[in-house]
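Throughout, numbering of the chain's residues begins at 1 and tracks the sequence.
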Amino acid sequence: MVKNQTYGLLLLIIFPFLKEITGSTTPAPAMTTAATTIGSLVIPAPPKPAEEPNHINVNASVYFPEEAQTDADPLITADGSRINERNPRKHRWLALSRNLLARWGGEIDYGDSVKVEGISQQLDGVYVVRDAMHRRIRNRVDILVGPNDKIMGYWEDVKLTKL
């Protein structure tokens, strides 16, 4: 009996130091804070629903790479990218109003991909931000197309999501 008590006492003393003795560095699995324990039964918390990315409601239009709609160098965007003169639409680039761009305090930066929804099947999709609009324009996206694409229009309540 004394022998069993001695072994038990010895284990209680040595047990906290087993990690150092055995050289194990694997930590014990952590319990989630939202888990519920009933006796020895652990009930995990239900999974969180996936958060939907924030979107911004904007108005949309299209623009051509020509001096009347841009600046003196219409084939160079605000971030320095060069537009393909023969088929500008193939780039899938757009310009944003300055209030949406990180350079002027917004959340989106040049080179970011954004998803545009609410225009048409032809124009909805993923675009890369390459250009900026005039400072007087707010909450707007301008999609780069070519004059030969025969696309014109102005759309309201378009959903813009940063990817």
Side-chain angles (χ1 to χ4, degrees), residues 24-163:
S24 171
T25 58
T26 307
M31 286 196 42
T32 59
T33 55
T36 306
T37 305
I38 301 174
S40 63
L41 179 65
V42 177
I43 302 171
K48 293 181 182 178
E51 289 186 28
E52 189 165 320
N54 292 339
H55 71 273
I56 305 165
N57 285 332
V58 296
N59 296 329
S61 56
V62 295
Y63 77 105
F64 307 140
E66 49 190 39
E67 280 188 51
Q69 294 186 25
T70 59
D71 58 9
D73 197 355
L75 296 177
I76 303 295
T77 62
D79 74 344
S81 299
R82 185 168 234 350
I83 297 172
N84 178 338
E85 188 174 2
R86 292 182 186 207
N87 190 4
R89 188 168 156 223
K90 81 169 188 168
H91 292 297
R92 304 284 293 179
W93 291 348
L94 56 75
L96 285 182
S97 55
R98 293 181 185 199
N99 67 305
L100 301 175
L101 287 167
R103 183 174 178 182
W104 289 280
E107 299 176 14
I108 303 170
D109 212 344
Y110 293 123
D112 286 350
S113 293
V114 294
K115 184 176 182 181
V116 176
E117 298 174 282
I119 299 176
S120 69
Q121 282 187 329
Q122 187 180 22
L123 291 176
D124 284 359
V126 177
Y127 291 86
V128 177
V129 177
R130 294 283 181 210
D131 218 342
M133 299 173 79
H134 193 277
R135 67 179 157 256
R136 74 175 178 273
I137 299 170
R138 300 186 58 75
N139 294 327
R140 192 148 104 201
V141 63
D142 220 359
I143 297 173
L144 176 66
V145 296
N148 297 331
D149 291 324
K150 307 284 190 245
I151 300 172
M152 294 293 286
Y154 183 82
W155 300 269
E156 295 179 347
D157 269 344
V158 173
K159 191 162 108 173
L160 181 72
T161 307
K162 181 180 174 181
L163 301 178

4.5 Å side-chain heavy-atom contact, [X] and [Y]:
X: V145; Y: F64; answer: yes
X: L96; Y: L160; answer: yes
X: I151; Y: I143; answer: no
X: R92; Y: V128; answer: no
X: D131; Y: L144; answer: no
X: L101; Y: V129; answer: yes

Between atom [atom1] of [X] and atom [atom2] of [Y], what is the distance when rounded to the nearest 0.5 Å?
X: Y110; Y: W93; atom1: OH; atom2: CH2; result: 13.0 Å
X: R82; Y: H91; atom1: CZ; atom2: NE2; result: 10.0 Å
X: N99; Y: R138; atom1: CG; atom2: CZ; result: 4.0 Å
X: D142; Y: L94; atom1: CG; atom2: CG; result: 8.5 Å
X: R89; Y: N148; atom1: CZ; atom2: CG; result: 12.0 Å
X: R140; Y: S97; atom1: CZ; atom2: OG; result: 8.5 Å

Counting only heavy atoms from other residues, nucleotides and ligands, does the tally under 6.0 Å from CD of E107 exceed 12?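 No - once you tally the heavy atoms of other residues, nucleotides and ligands closer than 6.0 Å, there are 12 at most.
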Nearest heavy-atom pair of N59 and E156: which atoms, and what distance?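 Taking every non-hydrogen atom into account, OD1-CA, 3.3 Å.
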Can you name the nearest heavy-atom pair linking P88 to P65, along with the distance?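 That would be CG-CG, 3.8 Å.
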Does D112 have any salt bridge (charged side-chain N to carboxylate O under 4.0 Å, His left out) partners at least two apart in sequence or in another chain, and if so, which?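 Residues passing salt bridge (charged side-chain N to carboxylate O under 4.0 Å, His left out) with D112: K162.
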Is it true that a side-chain atom of T77 and a backbone atom of R130 form a donor plus acceptor pair closer than 3.5 Å?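 At least one qualifying donor-acceptor pair exists.
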Return the set of residues passing side-chain contact (heavy atoms from CB on, under 4.5 Å) with V158 (not counting sequence neighbours), or none when no residue passes.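 Listed in chain order: V58, A60, V116, I119, W155.
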